[in-house]
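Everything below concerns the one structure shown next.
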Amino acid sequence: MAFAVVAALWIPASWAQSAEATAPCRVPGVAHEVRCGVVHRPLDPAQPGGPAIDIHFVVVPAVARRRLPDPVFLLAGGPGQSAIALAPAVLPLFARLNNRRDIVFVDQRGTGRSTPLECDDRRHASLSEPAGIDAQVAQLRACLTRLAATAPLRAADDLRFFTTTIAMQDLDAVRARLGAERINLVGASYGTRAALEYARLFPQRLRRSVLDGVAPPDMVLPVSGGIDTQAALDAMLVDCERSPVCQRSHPMLRADWQSLLASLPKPVSALHPLTGQREHFTLDAERVLAAVRGPLYAPSLAAGLPQAIGEAARGRYEPLLGLAEALASRRGGTVAMGMHLSVLCAEDGPRLERDLPTGSSGAGGASTPAPFIDLAGQLYRRACAFWPRGSVPEAFYVVPPAASATLLLSGGLDPATPPRHADRVARALGAQARQVTVANAGHGLMGIGCVRDLMFRFIDAADDAHALGIDATCVAQVPRPPAFEPMKGLPPALPKPSASRAEEDAR
């Protein structure tokens with residue numbers, strides 16, 4: 001009994017409050033027991049007495065007894081990913097941080113356990129089901145109708161209260177609930193936008209920030225996504241043309257890509273990458289662009305694109321469909337599309353009305369088709385025309401000088417958040433920003449080479465000066481995977497399928 005009293009006196013007040021704010025629980029994919037908590041937040045901050053929603057969070061307690069008082073919060077991407085669902089994949093990357101610091105996963109409002117605004121998950125649907133923009137818009141209209149009638153929402157207009165600004169107010173309520181005076185943020189992709197907004201709203205509560213794949217508030221995600229994906233594909237084509245090995249195996253890669261797009265839409269057949277069943281469907285440009293865009297996120301998968309594009313140009317679509325499915329299987333959890341649109345339509349939607357750029361310059365300055373740019377924003381323009389939009393303060397789009405040390409991480413091959421976005425954020429943040437680019441990395445650097453060690457040393461440093469001065473030269477050793485080459489002398493794994501009835505009819 002006396003020992004218990006002494007132990008209680010030794011625990012700092014903030015940690016005692018943290019224990020009272022949570023209860024033991026289990027999270028799928030996490031081997032050991034963690035602690036779960038919830039804060040009740042008004043749906044509309046302007047009506048504190050109105051309907052409320054629950055913001056769920058998970059705390060993974062520090063391993064060491066003498067833990068440090070500033071926990072690390074993960075801000076998930078998307079927008080629309082559940083931070084709690086990402087915990088099993090992220091915790092191994094945070095192992096050194098977790099030795100003396102709690103790791104906190106907060107499901108942002110609209111995701112995971114916090115009033116999820118989820119639409120039907122169509123990622124693994126039959127290939128024969130419509131997948132174009134018209135079909136997606138129809139599915140989103142139906143989803144909006146369903147969400148508007150789902151408690152605690154009372155009407156479609158309630159989806160206006162799922163913006164980044166309101167969500168970061170929720171996050172600070174979690175911080176207060178845990179009794180932490182200051183916190184460290186690690187944001188990934190859209191989570192970097194959220195981290196920048198938290199820094200703007202609560203600079204005094206922030207100790208350090210790590211921004212992995214910087215998505216600033218002014219980037220207009222659907223538009224920049226088309227521009228940056230097109231640039232990543234063009235870079236892959238040029239890299240193949242400059243590589244003797246790739247050029248020898250794929251001498252017509254650029255022509256194959258243009259030929260494939262020019263042939264669409266057309267009736268085809270292919271084996272479904274998950275079921276292995278042959279399906280007959282119409283292959284259109286939207287499906288092909290989506291299949292190519294996904295592997296560009298991960299250089300290890302993008303290395304298979306030259307082979308997959310060449311095979312598709314010759315009528316074998318399984319390699320390309322398989323690459324696209326490989327990325328979908330690697331991502332943690334699904335994206336809550338209702339939350340995704342509530343954020344983007346409010347924050348990026350007003351700027352989607354501007355004209356999208358078209359066309360690009362190929363090797364030697366020649367004009368070449370730029371399908372990613374040409375299609376960029378079409379879905380969001382149509383969806384945001386009917387999706388409820390919240391209000392966003394003008395200050396949201398301005399990144400103020402940083403009050404604490406901030407580490408910005410970018411992949412030189414990233415098709416979504418390439419270094420050009422981190423460049424201007426670093427300039428805005430000023431002297432407290434440190435930018436690190438990994439030339440041969442794609443989207444998401446925390447698990448690449450020595451980056452997890454950089455992140456640990458940055459957060460663990462005793463002061464901002466030492467944090468900003470960490471040695472990051474090790475990232476130059478990260479190689480770019482060479483283009484995939486099938487083994488010679490072996491028969492094709494999948495023979496070219498015979499013409500489907502639809503193909504024969506088309507002839």
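Taking the side chain as every heavy atom from C-beta outward, F94 and V186 approach each other to under 4.5 Å. Using a 4.5 Å heavy-atom threshold, the side chains of F105 and L86 count as separate. Side-chain contact between L233 and M236 is present, with at least one heavy-atom pair separated by less than 4.5 Å. Inter-residue side-chain proximity for P217 and L196 is flagged as met; some heavy-atom pair is nearer than 4.5 Å. In this structure, M219 and V214 have side chains that are not in contact, with every pair of non-hydrogen atoms separated by 4.5 Å or more. P116 places none of its side-chain heavy atoms less than 4.5 Å from the side chain of M339. Within the 4.5 Å cutoff, the side chain of L178 has heavy atoms near those of the F57 side chain. Proximity of L409 to V210: side-chain heavy atoms (C-beta onward) are separated by under 4.5 Å at one or more points.
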(request) Dump the intermediate steps for side-chain contact (heavy atoms from CB on, under 4.5 Å) on H421 and S224, then the final yes or no. (result) CA-CA 10 Å; H421 300 296; S224 65; 4.0 Å; yes

(request) Show your reasoning for whether side-chain contact (heavy atoms from CB on, under 4.5 Å) applies to V451 and V438. (result) CA-CA 9 Å; V451 174; V438 184; 4.3 Å; yes

(message) Quick one, D134 with R382, criterion side-chain contact (heavy atoms from CB on, under 4.5 Å). Give me CA distance, side-chain angles, the key distance, then yes/no.
(response) CA-CA 9 Å; D134 289 344; R382 291 179 59 180; 2.7 Å; yes

(message) Using the rule given for side-chain contact (heavy atoms from CB on, under 4.5 Å), can you reason through V137 versus F386, listing the C-alpha separation, both sets of side-chain angles and the distance that settles it, and then say yes or no?
(response) CA-CA 10 Å; V137 169; F386 61 82; 3.9 Å; yes

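Side chain of D70 to main chain of I183: no donor-acceptor pair is present (N/O by atom type, distance under 3.5 Å, no hydrogens or angles). Judged by distance alone, with hydrogens and angles left aside, the side-chain atoms of R67 form no donor-acceptor pair with the main-chain N or O of R100 at under 3.5 Å. At distances below 3.5 Å, not a single donor-acceptor pair connects side-chain atoms of R208 with backbone N or O atoms of A405. For the pair N98 (side chain) and R101 (backbone), a donor-acceptor distance under 3.5 Å is present. The closest donor-acceptor contact from the side chain of T192 to the backbone of G187 lies at 3.5 Å or more, if one exists at all. Put simply, the side chain of T406 gets close to the backbone of S404: a donor and an acceptor are under 3.5 Å apart. Within the 3.5 Å criterion, the main-chain N or O of L352 finds a donor-acceptor partner in the side chain of R381. Between the R109 side chain and the F161 main chain, a donor and an acceptor come within less than 3.5 Å of each other. Judged purely by atom type and a 3.5 angstrom limit, R175 uses its side chain to pair as donor or acceptor with the backbone of A180. The backbone N or O of D239 lies less than 3.5 Å from no partner atom in the side chain of S243, so there is not a single donor-acceptor pair.
Nearest heavy atom pair, residue A215 against residue L221, reads CB-CD2, 4.3 Å. The nearest pair of heavy atoms linking L408 to A426 is CD2-N, 3.9 Å. Closest non-hydrogen pair, C119 versus G338, comes out as SG-N, 3.9 Å. Minimum heavy-atom separation, P216 to R193: O-NH2, 3.3 Å. The heavy-atom pair separating C246 from A483 by the smallest distance is SG-CB, 3.8 Å. Across S391 and T163, no two heavy atoms sit closer than the pair O-CG2, 4.3 Å.
Side-chain polar atoms of T164 and E347 form a donor-acceptor pair below 3.5 angstrom. Under the 3.5 Å distance criterion, with hydrogens and angles disregarded, no donor-acceptor pair is assigned to the side chains of D170 and Q108. Judged purely by distance below 3.5 Å, without hydrogens or angles, the side chains of H250 and D256 never pair a donor atom with an acceptor atom. Remark: the R207 side chain and the N184 side chain contain an N/O donor-acceptor pair separated by less than 3.5 Å. There is a side-chain donor-acceptor pair under 3.5 Å between T165 and E197.
Taking CG from L91 and CD1 from I103, the interatomic distance works out to 7.0 Å, rounded to the nearest 0.5 Å. The OG atom of S114 sits 12.0 Å away from atom CZ of R41, with the distance rounded to the nearest 0.5 Å. Once rounded to the nearest 0.5 Å, the distance linking CG of N440 with CD of Q477 reads 12.0 Å. Distance CE/M455 to CD1/I470: 10.5 Å, rounded to 0.5 Å. Between the CG atom in L445 and the CG atom in L454 there is a gap of 9.5 Å [rounded to 0.5 Å]. Atom CZ of R389 sits about 13.0 Å away from atom CG of D157, to the nearest 0.5 Å.
Figure legend: R205 and Y198 shown without cation-pi pairing, the cationic atom not lying both under 6.0 angstrom from the six-membered ring centre and within 45 degrees of its axis.
A salt bridge between R113 and D54 is absent, with no side-chain N of the basic residue lying under 4.0 Å from a carboxylate O of the acidic one. Ion pairing between a basic and an acidic side chain is recognised when a charged N comes within 4.0 Å of a carboxylate O; R420 and D423 show no such pairing. A salt bridge links R96 with D453: the distance from a Lys NZ or Arg NE/NH1/NH2 to an Asp or Glu carboxylate oxygen falls below 4.0 Å. For D218 and R351, the salt-bridge test fails: no basic side-chain N is under 4.0 Å from an acidic carboxylate O.
Under the side-chain hydrogen bond (donor to acceptor under 3.5 Å, both in side chains) test applied with S82, the options D107, T111, T334 reduce to a single match, D107.
Among residues two or more places apart in sequence or in another chain, the side-chain contact (heavy atoms from CB on, under 4.5 Å) test is passed with A135 by P130, Q139.
Note on ring orientation: taking the six-membered ring where Trp is involved, the planes of H443 and Y297 are perpendicular (angle over 60°, cut-offs 30° and 60°).
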